A.B. asks: 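Structure in structure tokens, see below.
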Amino acid sequence: MGGGDRFVYPRIAGVIRKKIENREYPLGSKIPSERELAKEFYVNRLTVRRALAILESEGLIQRKQGAGTFASSVPRKGDVCRLCGFTQTMKEQGRKAGSRILAWRMLSCAPLYSDMEEQTVGRGVHEIVRLRLGDNLPVSVEYTYVPADILGEVHSCNPEASSLYEIMEQRGVELHESRQEVTIVKAGKKEAKWLEIPEGSNVFLFTFQTYDRQGRVVEYCRAYMRTDKVKLEIELKQP
């Protein structure tokens with residue numbers, strides 16, 4: 001297709017991506033062969049191969065020698081404008097949420113880069129490192145800091161079995177708002193191992209603080225999230 005080819009294969013990748021997201025190609029199913037796709041889109045096989053390379057780099061497909069190409073992942077939409085925990089988000093998406101505690105300790109003071117230093121002086125703060133799972137697959141690693149007076153003593157609650165937000169609400173905390181920042185960074189050695197991705201892979205870094213109705217910071221969190229497991233959508237409207 002000549003020079004125009006460079007404009008065609010991204011569009012082909014987009015069509016196939018949408019079919020994977022809509023589960024027209026269910027997770028684990030075999031997608032049409034290069035020959036079949038070339039016939040469907042009226043292009044040559046090299047163009048199809050380039051389109052599939054895009055999807056493979058996004059983790060959406062997996063090519064198996066001698067067996068074909070399979071849908072391997074579905075990126076999920078993340079609403080960055082709503083205060084909603086990981087567990088609730090997974091439930092709304094029809095996925096099974098899970099957590100694995102990697103580390104949990106009590107610190108004498110909050111991280112310097114959070115806004116909870118004053119309210120935790122002399123009281124301590126929980127540092128909880130969790131691997132968050134969606135359908136038993138690693139999605140993110142979270143470093144969460146919560147004032148001791150919110151959660152009580154270490155291991156007096158179980159954030160592996162329950163949502164931290166649910167635990168807070170059970171303890172009378174009225175969650176009000178969360179201020180978030182999202183950047184893309186390279187996965188470090190530890191995070192890459194836990195997320196089962198190559199070291200240096202691009203990951204979303206969510207940094208956010210959650211406030212109660214009295215204006216207290218009740219949570220500071222850094223979450224490293226796999227880019228092939230989530231898709232961010234931001235809707236902008238005229239006031």
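We use all heavy atoms of the structure for the numbers below, so side chains are in, but hydrogens, waters and symmetry mates are not. Given the structure is predicted, the values throughout are model-derived calculations rather than measurements.
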A.B. asks: Using side chain to side chain contact (heavy atoms under 4.5 Å, CB included), reason through Arg216 and Tyr211 one step at a time and then give a plain yes or no.
C.D. replies: CA-CA 5 Å; Arg216 298 182 305 164; Tyr211 299 78; over 6 Å; no
A.B. asks: Do any pairs count as a side chain to side chain donor-acceptor pair (under 3.5 Å) and have a residue in residues 187-198, sequence neighbours left out, and if so which ones?
C.D. replies: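 Passing the test, one end in residues 187-198: Tyr143-Glu191.
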A.B. asks: Would you indicate whether the side-chain heavy atoms of Ile12 and Leu52 approach each other to under 4.5 Å?
C.D. replies: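 Heavy-atom side-chain distance check fails, nothing below 4.5 Å.
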A.B. asks: Any carboxylate oxygen within less than 4.0 angstrom of a Lys/Arg side-chain nitrogen, looking at Glu40 and Lys19?
C.D. replies: yes
A.B. asks: Indicate yes or no: at least one non-hydrogen side-chain atom of Val173 is less than 4.5 angstrom from one of Glu219.
C.D. replies: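 With C-beta onward as the side chain, the pair stays apart.
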A.B. asks: Specify the closest pair of heavy atoms between Val125 and Pro147, including all atoms of both residues, with the distance to one decimal.
C.D. replies: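 Minimum heavy-atom contact is CG2-N, 3.9 Å.
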A.B. asks: Looking at side-chain heavy atoms only, is the closest gap between Val48 and Val43 below 4.5 Å?
C.D. replies: yes
A.B. asks: How close do Ile31 and Ile61 get, heavy atom to heavy atom, and via which atoms?
C.D. replies: CD1-CG2, 4.4 Å
A.B. asks: In this structure, are over 12 heavy atoms from other groups packed under 6.0 Å from Arg213 atom CZ?
C.D. replies: yes
A.B. asks: Distance only, no hydrogens: is a donor on one side chain within 3.5 Å (strictly under) of an acceptor on the other, for Tyr145 and Glu127?
C.D. replies: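 Distance-only check passes for Tyr145 and Glu127.
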A.B. asks: So, for Pro26 and Ala71, which heavy atoms are closest and what is the spacing to 0.1 Å?
C.D. replies: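 It is O-CB, 3.5 Å.
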A.B. asks: Any non-hydrogen side-chain atom of Ser140 less than 4.5 Å from a side-chain atom of Phe206?
C.D. replies: no
A.B. asks: Please determine which of Arg222, Arg100, Arg130 meets the salt bridge (Lys or Arg N to Asp or Glu O under 4.0 Å) test together with Glu142.
C.D. replies: Arg130
A.B. asks: What pair of heavy atoms forms the shortest contact from Phe204 to Arg226, and how long is it?
C.D. replies: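 Distance-wise, the nearest heavy atoms are CD1-O, 4.5 Å.
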A.B. asks: Would you say Leu55 and Arg17 make side-chain contact, with heavy atoms under 4.5 Å?
C.D. replies: yes
A.B. asks: Nearest 0.5 angstrom please: Thr47 OG1 to Phe41 CZ, how far?
C.D. replies: 11.5 Å
A.B. asks: Answer with yes or no whether the side chains of Arg132 and Ser99 bring together a donor and an acceptor at under 3.5 Å.
C.D. replies: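 The criterion, which ignores hydrogens and geometry beyond distance, is satisfied for Arg132 and Ser99.
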A.B. asks: Which heavy atom of Gln180 sits nearest a heavy atom of Phe208, and at what distance?
C.D. replies: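 Closest heavy-atom pair between Gln180 and Phe208: CG-CB, 3.4 Å.
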A.B. asks: Is any side-chain heavy atom of Val129 closer than 4.5 Å to a side-chain heavy atom of Val141?
C.D. replies: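 They are in contact (side-chain heavy atoms under 4.5 Å apart), so the answer is yes.
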A.B. asks: Could you check if a side-chain atom of Ile54 sits within less than 4.5 angstrom of a side-chain atom of Tyr9, using non-hydrogen atoms only?
C.D. replies: yes
A.B. asks: Are Ile101 and Val139 in one and the same hydrophobic cluster, where Ile, Leu, Val, Met, Phe, Trp and Tyr link if side-chain heavy atoms are under 4.5 Å apart?
C.D. replies: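 Yes, one cluster joins them.
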A.B. asks: Calculate, to the nearest 0.5 Å, the distance between atoms CZ and CZ belonging to Arg50 and Arg45 respectively.
C.D. replies: 14.5 Å
A.B. asks: In the structure I gave you, are the side-chain heavy atoms of Val203 and Ile197 within less than 4.5 Å of one another anywhere?
C.D. replies: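 They are in contact (side-chain heavy atoms under 4.5 Å apart), so the answer is yes.
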A.B. asks: Which pair of non-hydrogen atoms, one from Leu107 and one from Arg105, has the smallest distance, and what is that distance?
C.D. replies: CD2-NE, 3.5 Å
A.B. asks: At what distance, to the nearest 0.5 angstrom, does CD of Glu181 lie from OG1 of Thr183?
C.D. replies: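 These two atoms lie 7.5 Å from each other.
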A.B. asks: Quick one: pull up OH in Tyr224 and CG in Leu195 and give me the separation to the nearest 0.5 Å.
C.D. replies: 10.5 Å
A.B. asks: Looking at Arg63 and Glu34, is there a salt bridge between them, counting it only when a charged N and a carboxylate O are closer than 4.0 Å?
C.D. replies: yes
A.B. asks: How far does CG of Leu205 sit from CD1 of Ile184, to the nearest 0.5 angstrom?
C.D. replies: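 Going from the CG atom of Leu205 to the CD1 atom of Ile184 covers 10.5 Å.
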